[in-house]
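So that the names make sense, note that chain A is the first sequence line, chain B the second, and so on, each numbered from 1.
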Amino acid sequence: MPELPEVETIRRALVQEVLHRRLRALEVRERVHLLQNCTAPQLEKALVGKRLTALDRRGKFLVLEFGPWAMVLHLRMSGRLLLHPAGHTRLVLDFEGRTLYLDDARRFAALYLVPTAKLWELDPLRRLGLEPFTPSYTLEAFRERLRSRREVKRLLLDQTKLAGLGNIYACEALFEACIHPERPASSLTQQEAKRLFEAIPRVLERALAAGGTSFDKYRTPRGEPGRFQEEFSVYGREGEPCPRCGAPIARIVQGGRSSFYCPECQR
DNA sequence: CTAAGCGCCTGCATGC
DNA sequence: TGCATGCAGGCGCTTA
């Protein structure tokens, strides 16, 4: 499940492999769910023959700019961008010298076509919240986003509050900050908010250094798995000892999603 | 406006 | 072994 570190790892690999290359052809093999705001012929007409001029990321979205047109891609649960085809190809991007395959077993991936000049007006991008690793990510802005009585874990997953965290890194960041996932966000003290504010980029940075998490089927475009699952403190570790205090890790369900935490040291 | 719940989809683990 | 069941997950949509 690609979250910020996985999407950023993909982006960096694509910079090496396909940036500045010309797109020779494009083939859509899944038009029902994938294409959100355009048809396959519209996508082809806009992009084929153009060079990939920039590769950006916003939250979990990849932005591929082809001069005046941009392709915005969200991989959701099972989407992968691969240099070699796997079993569920939904889109083929035939660049000069390299071919990129969008593989997506569960068909949740979403693609938008948008004029580059209006990129940030695109609805899913426009609504995204604070972006870690940017100057806008300040403690003050973070505390503002936490002004809600909702459970802090659920708030961390809300992309309009904070962009890029998914279930894995939300669990791991709360563990780092010693905060219980069910705490109302607005009940966090200044000190707790600061701990969480600092834990989030720290966890993401460590995951990035490990090439992301391949707990699921995630692979880089070159087919390499990430290694961060070996460093999980709590995610998927129900019943195992907490690495900090030894108490058994607990699992609860919040908003239909598993939360893993240490009931002793997360308060 | 906010927040909660559902549906989308399919590989995989589990149970009988 | 084979089949049925249900879980996993992000996010857009609908509803309150």
Side-chain angles (χ1 to χ4, degrees), chain A residues 1-8 10 29-38 57-63 72-82 86-91 102-114 121-132 144-174 181-187 200 204 207 212-219 225-226 228-229 232 234-239 249 251-261:
Chain A
M1 48 209 100
E3 304 179 29
L4 187 152
E6 291 75 34
V7 178
E8 180 61 20
I10 292 166
R29 298 192 190 170
E30 211 292 51
R31 59 198 70 204
V32 183
H33 304 276
L34 179 62
L35 306 184
Q36 299 291 306
N37 68 344
C38 62
R57 179 190 56 74
R58 185 74 213 280
K60 305 176 198 172
F61 289 85
L62 267 175
V63 180
V72 176
L73 187 62
H74 197 300
L75 298 170
R76 297 275 178 94
M77 301 301 305
S78 58
R80 306 184 294 177
L81 275 175
L82 305 172
H88 310 280
T89 301
R90 311 298 182 198
L91 174 72
L102 171 65
D103 187 88
D104 183 26
R106 291 180 223 181
R107 302 174 198 260
F108 278 179
L111 187 157
Y112 304 82
L113 179 66
V114 61
E121 295 173 28
L122 184 70
D123 211 46
L125 296 186
R126 195 169 50 84
R127 306 189 62 241
L128 285 178
L130 273 191
E131 181 78 46
E144 191 138 326
R145 303 287 178 154
L146 288 184
R147 261 184 224 151
S148 162
R149 290 194 315 216
R150 294 166 70 191
E151 295 168 333
V152 62
K153 162 75 185 317
R154 302 183 74 162
L155 212 66
L156 292 182
L157 294 177
D158 185 339
Q159 301 298 300
T160 69
K161 304 289 186 216
L162 193 66
L165 285 195
N167 205 29
I168 291 172
Y169 300 116
C171 289
E172 294 293 319
L174 286 168
E182 288 179 305
R183 284 278 298 281
S186 54
S187 78
I200 288 166
L204 294 174
T213 295
S214 288
F215 196 72
D216 215 331
K217 291 267 185 215
Y218 165 76
R219 290 292 183 279
F228 191 67
Q229 64 281 5
F232 283 172
V234 288
Y235 188 84
R237 304 195 52 190
E238 183 182 13
I249 299 300
R251 186 180 82 95
I252 54 173
V253 175
Q254 293 179 279
R257 276 159 223 161
S258 289
S259 294
F260 298 91
Y261 68 103

According to a strict under-4.0 Å criterion, is A/Arg150 in side-chain N/O contact with OP1 or OP2 of B/dA4?
-> yes

Nearest-nucleotide pick for A/Arg107, side chain only, options being C/dA8, B/dA4, B/dT10 | B/dT10

A/Phe108 on top of C/dC11's base, within under 5.5 Å and under 30°?
-> no

Starting at atom CG of A/Leu34, determine the distance to atom C1' of B/dC8, rounded to an integer number of angstrom.
-> 14 Å

Do the side-chain N or O atoms of A/His74 get closer than 4.0 angstrom to the phosphate oxygens (OP1, OP2) of C/dC11?
-> yes

When the nearest nucleotide of DNA chain B is assigned to A/Lys217 and to A/Leu155 on a heavy-atom basis, which residue is associated with the more 5' position?
-> A/Leu155

Are side-chain N/O atoms of A/Arg147 and A/Ser186 paired as donor and acceptor at under 3.5 Å?
-> no

Side-chain contact test, heavy atoms from C-beta onward, threshold under 4.5 Å: evaluate it for A/Leu156 versus A/Leu174 and give yes or no.
-> yes

Whole Å only: how far is the CG atom of A/Leu157 from the P atom of B/dG5?
-> 15 Å

How long is the line joining CD of A/Glu151 and P of B/dG5, in whole Å?
-> 10 Å

Exactly one candidate in A/Tyr235, A/Phe215, A/Phe228 meets ring pair (Phe, Tyr, Trp, His ring centres under 6.0 Å) with A/Tyr169; the answer is A/Phe228

Candidates B/dA3, C/dG10, C/dG12 - which lies nearest the side chain of A/Phe61 | C/dG12

Between atom CG in A/Leu73 and atom P in C/dG10, what is the gap in whole Å?
-> 17 Å

Taking only side-chain nitrogens and oxygens of A/Ser148, does any of them come within less than 4.0 Å of OP1 or OP2 of B/dA3?
-> yes

Hey, is the side chain of A/Arg257 poking within less than 4.0 Å of OP1 or OP2 on C/dG10, counting only N and O atoms?
-> yes

Between NZ of A/Lys60 and P of C/dG9 the distance, given in whole Å, is 11 Å

When rounded to whole Å, the OH to P distance for the pair A/Tyr112 and C/dG10 reads 16 Å

Opposite nucleotide pairing with C/dT1, Watson-Crick or G-U, both atom distances under 3.5 Å = none

Check whether any side-chain N or O of A/Gln159 sits under 4.0 Å from OP1 or OP2 of C/dC11, and answer yes or no.
-> yes

Determine the contact category for A/Ser258: base if any of its heavy atoms lies under 4.0 Å from a base atom, sugar-phosphate if only primed atoms, P, OP1 or OP2 are that close, otherwise nothing.
-> sugar-phosphate

Of A/Arg76 and A/Arg251, the one whose nearest nucleotide on DNA chain C sits closer to the 5' end is A/Arg251

Starting from P on C/dG10, measure out to CG on A/Leu128 and report it in whole angstrom.
-> 15 Å

Basic-acidic side-chain contact under 4.0 Å: A/Asp158, A/Arg150 = yes

Whole angstrom is fine here: how far is it from CZ in A/Arg106 over to P in B/dT10?
-> 10 Å

Look at A/Arg58 together with A/Glu131 and state whether they make a salt bridge at an N to O cut-off of under 4.0 Å.
-> yes

